[in-house]
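Naming: A, B, ... by sequence-line order, numbering from 1 per chain. All values below were derived from every heavy atom in this structure, side-chain atoms included, with hydrogens, water molecules and symmetry-related copies excluded.
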Amino acid sequence: MLKVENINVYYGQIHTLRDISLEVKKGEVVALIGANGAGKTTTLRTISGLLRSKTGSITLMDENISHTDAHKLVSKGLAHVPEGRHVFLQMTVQENLEMGAYTVPSNVKAGIEDVFERFPRLKHRKNQIAGTLSGGEQQMLAMGRALMSKPKILMLDEPSMGLSPILVQQIFDIIKELNESGTTILLVEQNAEMALQIAHRAYVLESGHIKLSGTGQELANSDEIRKAYLGG
Amino acid sequence: MTFISNLISGISLGSVYAIIALGYTMVYGIAKMLNFAHGDVIMVGAYVAFCSMAYLNLPPIVAIVIAMIACTLLGIIIEGLAYRPLRKASSLAVLITAIGVSYFLQNAALLIWGSTPKTFSSVVGFDSISLLDGKLIITAESIVTVIACIIIMIGLTLFTKKTRIGKGMRAVSEDKDAAELMGINVNVTISITFAIGSALAAIAGVLLCSAYPILIPTTGSMPGIKAFTAAVFGGIGSIPGAMLGGILLGIIEIFSKSYISTELSDAIVFAVLILVLLIKPTGLLGKKITEKV
Ligand SMILES: Nc1ncnc2c1ncn2[C@@H]1O[C@H](COP(=O)(O)OP(=O)(O)OP(=O)(O)O)[C@@H](O)[C@H]1O
Ligand SMILES: [Mg+2]
């Protein structure tokens, strides 16, 4: 479904991503974990076209998208929930969701109903300005907004950031549900333990290159990972 | 009666400022830049309307439409050629470029139309209204200007609140990356904003010159600066703010001219601006939403 081959990304002179290759197959949950500053967000932003890689290629469903504008990828089935949510703070919940369906205006009604079913908390806050939502509600809105475009593959950048344990569990349950209903998922997480639990496969990123990869199970049991990311 | 008649001229002048201020505020809201050349687009619009009427003998309404089309194209070209390459540059570089574009337009106008003032004939076809046995005269231009301003205000508000493109514009003005991730073409959206702002500038130019008929290549600069002030006064980025700021500014200007001093009126206008910004740095209707992390 998504294939990243040997991409190299620079911020000015700084070589941030070095020869990153990864693959997400149809129906999988793939986790990308790593310490702060490892390059996880940079990887996602490059895939979704907000950043450009100098070399290498990115393929989405057999189409080379290395040079495709970010806004064109939505209708090709890619959705990206960015780190820090980035909901439209001055718009209402409803308007945020409408923006999510910008490329498929016909899906506004059905899409919103579907999102409200998944996130009942949003339903009661339909007309609330997004800037006044709690952090958890904003995360739900960001995810709901991404779902409005009916993505085939959903990229999530630290969906659990700043949330209470109960809410983190809820978000992970929803990710699992989404996957079971057919959405392929690329998940970036600091919470390696939970991410590895739901991931079919995972990659570990360290200082801009892929250090390890394997099934979620393998990595969860690896000594190296336990020491570095799972607290022993 | 002079009070009421001053108030009406103030509202009418203020309506012109408001229409211009909308262009500043929309462009600022979306591209986060001050398009200092906006005032000169007004002047170009006025010249195009003038030529259409005086040389081609076209009816005023056709002249206005031609001026709007010309300014729309001009706005899109300015954005594409001068500002788009600087999308990631420092705001100082963009500001200096905008000033450069402003001088370019003024000098191009000087080259094309010369420095001799043109006498603009009003586009308004009916007579002034005389009330209370002629004690209160409301000019036809004032009436048309205020009505145009109200229609534009309502139209723009509906456009940004209800239409898909309008909502896309609000999304881009809040968060470009997020808008791009929604599938919104940010560059096209910015072009559309320049197009709308410039079309409004053409209307403002025609209305301004209908009320104050001397047209020279620098006709747009002072109203441009005042309208920019109005946009800041009302809260830059806010559409109702531009409207309120424009109208208040027009009233303050006319009142200072008639009750205090003609020479000092501009100074008073800017003094009020400074005062408002000291008390409320975001302008009258400007709001600031703190980001949750
Ligand atoms: N706009 C930028 N300009 C320059 N350097 C940047 C920029 N954005 C990120 N970096 C640098 O690139 C490296 C990778 O950053 P990135 O945000 O991808 O890390 P991350 O793995 O997502 O970290 P975190 O878990 O903290 O979100 C960091 O060293 C960061 O400082
Ligand atoms: Mg990150």
ask   = Should we count CZ of Phe104(B) as having more than 12 external heavy atoms under 6.0 Å?
value = no
key: Pair listing, side chain to side chain donor-acceptor pair (under 3.5 Å) test, anchored in residues 33-42 of chain B, at least two apart   = Asn35(B)-Tyr83(B), Asp40(B)-Ser102(B), Asp40(B)-Gln106(B)
ask   = Does a sphere of radius 6.0 Å around CG in Leu278(B) hold more than 12 heavy atoms from other residues, nucleotides or ligands, not counting ones at 6.0 Å or beyond?
value = yes
Residues in residues 176-193 of chain B near chain A [non-hydrogen atoms, under 4.5 Å] = Asp177(B), Ala178(B), Ala179(B), Glu180(B), Leu181(B), Met182(B), Gly183(B), Ile184(B), Asn185(B)
query = Which residues in residues 162-173 of chain B have any heavy atom lying under 4.5 Å from a heavy atom of chain A?
reply = Arg164(B), Ile165(B), Lys167(B), Gly168(B), Arg170(B), Ala171(B)
message = Heavy atom to heavy atom, less than 4.5 Å: which residues from residues 151-165 of chain A reach chain B?
response = none
ask   = Are the side chain of Gln90(A) and the backbone N or O of Glu174(B) linked by a donor-acceptor pair below 3.5 Å?
value = no
ask   = Would the number of heavy atoms belonging to other residues, nucleotides or ligands and lying under 6.0 Å from NZ of Lys126(A) be above 12?
value = no
key: Heavy atoms from other residues, nucleotides or ligands near OH of Tyr103(B) exceed 12 (cutoff 6.0 Å)   = no
key: chain B interface, residue from His80(A), Met99(A), Lys72(A) that has the most non-hydrogen pairs under 4.5 Å   = Met99(A)
